[in-house]
Amino acid sequence: MTFVYNFPFFCILLCMAAGIFTSILKQRTAKILTFAVSAVVFILSALTLRLTLQLDEAYPFMMGHFPAPWGNEIRIGRLEALMATGFSAVILISLIAGMWHTHSFVSEQKTNLYCIMIDLALAAVLVLIYTNDLFTVYVFIEIMTIASCALVVVRQNGHTLVAITRYMIMHLFGSGLLLMGIAMLYGITGHLLMMPLQEAVGNIVKTGEHLGPLTVVIALITAGLAIKSAMFPFHGWAPDTYAFAPPLSSAILSGIISKAYIFVLIKFFFRVIGLDVIVTQQITPFLFVCGVSGMIIGSIMAISQQDIRRMIAYSSVAQIGYIYLGLGIGTKAGVEAALFQMLVHAAVKSLLFLSTYELINVSGDHKHFRYLHGAGYRNVPAGIVFTIAAMSMVGIPFTGGFIVKLNLAISGIAIGGWVRALVLIALALSTLLNSVYFLHTVVSIYRKPTQKLDYPEVQKMPPYVAAALIVSTMLIIYLGIGSEPILRVIETGLKTFS
Amino acid sequence: MWQLLYENLEQTVAVILFGIGFSILLLQRNLIRKIIGLNIMDTAVYLFLASMGYISGKKAPIVVDGVTSAEAYINPIPAGLVLTGIVVSVSFTAIMLALTVRLYRRYHTLDMDEIAMLARGEDG
């Protein structure tokens with residue numbers, strides 16, 4: 001039983017070791033190893049989740065030979081284990097559903113490198129979920145940025161190069177702000193581990209000394225992570241990157257990696273600063289306004305797109321807005337809704353990117369809506385999967401998206417005043433806009449083509465891909481019907497999170 | 001106010017350099033200048049960190065003459081952080097330069113706006 005305590009550490013180590021070995025393997029073996037690693041990580045994370053459900057408290061795990069105030073450590077609780085399980089499940093399903101067509105984006109000798117970058121991204125995501133040290137956060141955020149850069153630019157054309165250059169510039173700016181914030185926080189507290197930091201920050205708030213610098217630190221770190229997770233006014237890099245990257249990379253980037261940054265932000269809010277201090281320092285209204293404007297403007301931009309991939313990329317901006325709306329409400333209930341949205345959006349968005357690729361593939365590689373007419377008949381499983389994912393995006397009952405909107409509305413109503421009005425108006429408006437573009441897409445993939453177009457014969461989608469897509473669709477419906485236990489894990493996990 | 005800024009001269013300079021660095025990174029159109037801005041920004045943070053760990057009159061924390069009291073030495077942790085940070089920024093500079101080389105070979109210019117305009121005309 002005590003052996004299970006080591007599993008999160010094994011997961012991290014396994015991903016990194018696999019990354020090293022992948023470079024010397026044959027192409028086929030490398031792909032199989034990547035599958036195996038993500039499957040093992042998923043199983044180990046699920047076992048860790050089972051363990052943490054039996055424990056009442058989160059437990060720290062010492063990394064290296066030195067105990068807490070000197071050495072490095074990770075901390076494992078219910079919330080961390082739930083996120084690790086959910087994210088590794090999404091990565092596993094994306095790999096099964098997306099790996100078979102990588103050869104049309106990734107040249108043969110680069111396949112191994114592509115697999116290494118997936119392993120590295122998974123390792124970084126796990127570290128960011130579990131770690132308890134701010135400088136480790138910085139280092140692994142940089143590793144994740146490098147990995148995601150390579151995941152995009154592996155497809156060699158002009159669009160990905162330009163998109164990734166924009167991406168890197170914004171991300172480097174974000175990292176700079178984050179590093180400056182961490183340096184200042186170290187300057188005023190003298191700690192980097194989160195537990196002693198919490199104590200030191202508590203003292204600063206109590207005595208009022210260095211309160212000004214603390215506000216600057218919170219602003220710097222929030223801004224840095226907001227830029228990196230494509231929060232609304234800083235989303236400029238996102239649409240092109242997600243649209244032109246290989247579909248598997250888009251699924252991982254938009255589904256998992258942008259969520260990891262937000263999870264770090266939530267960890268910073270709860271474990272280092274404390275939610276009440278964040279609220280009194282007036283950070284939450286800023287996040288709230290950005291979230292609401294992201295929800296609405298992201299959707300309006302999505303409606304005006306002609307390219308289906310760019311439409312889905314812009315809807316990502318809107319969905320990230322929901323997460324920041326939940327954070328911006330500034331109550332525990334709001335953050336719980338945001339965390340649930342992170343899980344739902346990870347599953348739905350990766351599914352949308354992958355099923356869209358299949359629809360484009362059977363339409364002669366055309367991305368415009370008018371060429372996609374009838375694609376739902378040419379590839380039936382992909383059509384069904386896309387429809388259900390779109391329904392979750394709109395928020396139709398029995399899908400995960402509905403539960404998210406319900407919880408956001410409930411937590412907004414509990415506040416009262418202008419926040420209640422704004423939350424409800426924003427949710428209503430954004431649901432309306434979502435349904436405009438997603439239902440329009442669903443209708444157009446099921447519309448009979450007006451003129452007879454000759455689509456070239458393409459390689460048929462293997463049956464296991466259809467199976468993975470269907471399993472993932474069932475996951476979305478499960479998140480809609482059986483959300484109660486997951487919400488309870490999030491609720492109890494958040495109590496032991498700080 | 002000025003007195004306070006002068007007393008913390010290193011930190012003041014570091015913050016000013018940080019501002020200069022990120023303005024160059026975001027506002028310049030030339031890619032090489034952007035990379036230089038990135039390096040100025042990172043170096044400013046290292047100056048900030050290093051100046052924080054230094055205590056005047058104390059030695060580097062390497063025990064040579066048997067003095068083991070912590071009072072005799074400066075704080076080594078910021079120096080460790082700076083070293084890690086340097087490794088990160090070197091690898092990012094390398095990646096950005098590699099991207100610049102690729103963009104230049106393809107579009108024969110270093111102007112980001114021009115490159116974006118040329119790329120828009122291509123087929124996705």
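Each chain gets a letter, A, B and so on, in the order its sequence line appears, and its residues count up from 1. These numbers were taken from a predicted model, which means no experiment stands behind them.
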| task | Check the surroundings of atom CZ in Arg33(B): do more than 12 heavy atoms from other residues, nucleotides or ligands lie under 6.0 Å from it? | result | no
Do you know which of [options] has the most heavy-atom pairs with chain A at a distance under 4.5 angstrom?
{"options": "Pro78(B), Gly85(B), Gly21(B)", "result": "Pro78(B)"}
{"options": "Asn75(B), Ile115(B), Leu26(B)", "result": "Leu26(B)"}
{"options": "Leu103(B), Asp42(B), Leu49(B)", "result": "Leu103(B)"}
{"options": "Val15(B), Val87(B), Leu81(B), Leu118(B)", "result": "Leu81(B)"}

Using heavy-atom distances under 4.5 Å, tell me whether [X] contacts chain A through its side chain, its backbone, both, or neither.
{"X": "Ile35(B)", "answer": "neither"}
{"X": "Leu25(B)", "answer": "both"}
{"X": "Arg106(B)", "answer": "side chain"}

Can you give me the closest heavy-atom contact between [X] and [Y], atom names plus distance?
{"X": "Leu172(A)", "Y": "Met41(B)", "value": "O-CE, 3.4 Å"}
{"X": "Leu179(A)", "Y": "Tyr46(B)", "value": "CD2-CE2, 4.2 Å"}
{"X": "Met168(A)", "Y": "Met96(B)", "value": "CB-SD, 3.5 Å"}
{"X": "Phe48(B)", "Y": "Ala183(A)", "value": "CD2-CB, 3.8 Å"}
{"X": "Arg166(A)", "Y": "Ala116(B)", "value": "NH2-CB, 3.4 Å"}

Do the non-hydrogen side-chain atoms of [X] and [Y] ever get within less than 4.5 Å of each other?
{"X": "Ile77(B)", "Y": "Phe135(A)", "answer": "no"}
{"X": "Arg120(B)", "Y": "His159(A)", "answer": "no"}
{"X": "Tyr138(A)", "Y": "Thr84(B)", "answer": "no"}
{"X": "Thr165(A)", "Y": "Lys34(B)", "answer": "no"}

Rounded to the nearest 0.5 Å, what's the gap from [atom1] on [X] to [atom2] on [Y]? Could you check?
{"X": "Arg102(B)", "Y": "Thr160(A)", "atom1": "CZ", "atom2": "OG1", "value": "8.0 Å"}
{"X": "Ser89(B)", "Y": "Glu142(A)", "atom1": "OG", "atom2": "CD", "value": "9.5 Å"}
{"X": "Phe92(B)", "Y": "Thr145(A)", "atom1": "CZ", "atom2": "OG1", "value": "4.5 Å"}
{"X": "Leu99(B)", "Y": "Tyr167(A)", "atom1": "CG", "atom2": "OH", "value": "12.0 Å"}
{"X": "Phe18(B)", "Y": "Leu220(A)", "atom1": "CZ", "atom2": "CG", "value": "6.5 Å"}

Is it the side chain or the backbone of [X] that comes within 4.5 Å of chain B heavy atoms, both, or neither?
{"X": "Val162(A)", "value": "both"}
{"X": "Met170(A)", "value": "side chain"}
{"X": "Ile182(A)", "value": "neither"}

